[in-house]
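As the structure is a prediction and not an experimental result, all values here were calculated from the model.
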Amino acid sequence: MSRFSAFLNPVLLLFSCDLCLVRANRPPSPVNVTVTQLKANSATVSWDVPEGDVVIGYAILQQRQDGQMQRFIREVNTTNRACVLWDLAEDADYIIQVQSIGLYGESQASKRVHFRTLKETDRLPSNSSNQGDITMEGLDKDRQLQTGEIIIIVAVLLMWAAVIALFCRQYDIIKDNDSNNNKEKTKPSSEHSTPERPSGGLLRSKKKSPSVNIIEV
């Protein structure tokens with residue numbers, strides 16, 4: 001028995017040392033755990049992690065205060081500091097606790113946070129007002145887009161009208177120049193042409209009729 005106890009004591013000492021090392025390397029508990037964006041069936045949980053500690057994930061314990069439902073959410077390889085809780089019962093009390101997951105284990109659970117979901121009737125007016133705001137914002141955006149499109153279309157039409165007017169003016173100028181050039185080409189040919197001489201004019205030489213002398217004997 002003494003030999004067994006002598007062998008068991010070093011083993012227990014090593015195991016306790018390992019536990020102390022693991023606990024020392026665990027990350028601290030999350031702080032500033034808050035619940036926001038409360039709705040009838042969902043809520044958002046956010047928290048902070050002390051600086052200088054390596055955290056690779058989180059774990060959330062969610063349970064109803066009446067004990068009817070309990071849920072455990074665990075996610076690793078993430079740096080998120082918030083989580084959305086879905087499928088909640090309306091007008092129900094919940095308690096949540098958050099744990100940080102490090103390289104050597106999980107931290108101690110944070111302080112308990114209590115919250116209560118809204119009723120479905122409490123959510124509808126806010127949603128309807130939000131939908132109205134969204135609709136009005138959409139209408140304003142559509143109106144702005146329509147006004148901008150109209151301005152662009154009018155500007156393009158004015159540019160096309162100016163281009164067409166300039167083209168017509170240039171075409172008239174070119175047409176006038178061509179007609180003037182044709183007139184100038186036809187005028188010298190008429191001036192240098194040889195005039196027709198009328199038959200029997202002064203320039204044509206008259207033939208002399210032969211003279212006949214008659215001598216009577």
Side-chain angles (χ1 to χ4, degrees), residues 32 34-49 51 54-58 60 73 75-88 90 117-216:
N32 300 328
T34 56
V35 180
T36 58
Q37 299 181 5
L38 279 172
K39 297 181 181 179
N41 303 111
S42 64
T44 300
V45 183
S46 60
W47 61 90
D48 295 329
V49 176
E51 297 181 357
V54 179
V55 176
I56 62 172
Y58 63 87
I60 298 176
I73 302 171
E75 186 174 354
V76 294
N77 298 327
T78 180
T79 57
N80 292 334
R81 299 292 181 265
C83 178
V84 179
L85 306 177
W86 299 100
D87 298 330
L88 302 179
E90 68 170 302
T117 56
L118 301 179
K119 294 181 180 179
E120 192 71 23
T121 56
D122 295 337
R123 187 175 63 88
L124 288 176
S126 60
N127 280 353
S128 61
S129 62
N130 291 334
Q131 289 177 358
D133 296 339
I134 293 171
T135 305
M136 292 301 296
E137 291 177 359
L139 290 175
D140 293 338
K141 290 181 180 179
D142 292 339
R143 289 174 182 174
Q144 292 177 0
L145 290 175
Q146 290 177 359
T147 304
E149 291 175 356
I150 291 172
I151 292 173
I152 293 172
I153 291 171
V154 171
V156 171
L157 291 176
L158 290 175
M159 290 177 62
W160 275 107
V163 170
I164 292 171
L166 182 62
F167 176 78
C168 293
R169 185 177 179 183
Q170 293 293 331
Y171 178 77
D172 292 337
I173 293 172
I174 293 171
K175 190 175 180 181
D176 293 338
N177 291 334
D178 291 340
S179 62
N180 292 332
N181 291 332
N182 291 331
K183 289 179 180 179
E184 290 178 358
K185 289 179 180 179
T186 56
K187 192 173 182 180
S189 61
S190 62
E191 290 179 355
H192 294 288
S193 61
T194 56
E196 294 182 357
R197 295 179 182 180
S199 60
L202 296 175
L203 297 177
R204 184 175 294 178
S205 60
K206 294 181 179 181
K207 294 182 179 180
K208 294 180 181 181
S209 60
S211 58
V212 177
N213 296 324
I214 299 173
I215 300 173
E216 293 180 1

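Judged purely by distance below 3.5 Å, without hydrogens or angles, the side chains of Ser46 and Thr34 pair a donor atom with an acceptor atom.
Closest of all the heavy-atom pairs between Trp47 and Cys83 is CZ3-N, 4.0 Å. Annotation for Glu120 and Ala40: closest pair OE1-CB, 3.5 Å, computed over non-hydrogen atoms. Here the shortest heavy-atom pairing between Val35 and Ala43 reads CG1-CB, 3.9 Å.
Between the CG atom of Leu118 and the CG atom of Asn41 there is a distance of 10.0 Å, given to the nearest 0.5 Å. Note that OG1 of Thr117 is 11.0 Å distant from CG of Leu85, once rounded to the nearest 0.5 Å.
The side chain to side chain donor-acceptor pair (under 3.5 Å) pairs that include a residue from residues 76-86 are Thr78-Asn80, where partners are two or more places apart or lie in different chains.
With sequence neighbours excluded, the residues satisfying side chain to side chain contact (heavy atoms under 4.5 Å, CB included) with Ile173 are Arg169, Asn177. Shown here are the side-chain hydrogen bond (donor to acceptor under 3.5 Å, both in side chains) partners of Glu90, two or more places apart in sequence or in another chain: there are none. For Ser42, there are no side-chain hydrogen bond (donor to acceptor under 3.5 Å, both in side chains) partners two or more places apart in sequence or in a different chain. With sequence neighbours left out, Val154 forms a side chain to side chain contact (heavy atoms under 4.5 Å, CB included) with Ile150, Leu158. With sequence neighbours left out, the side-chain hydrogen bond (donor to acceptor under 3.5 Å, both in side chains) criterion links Asn32 to Asp48.
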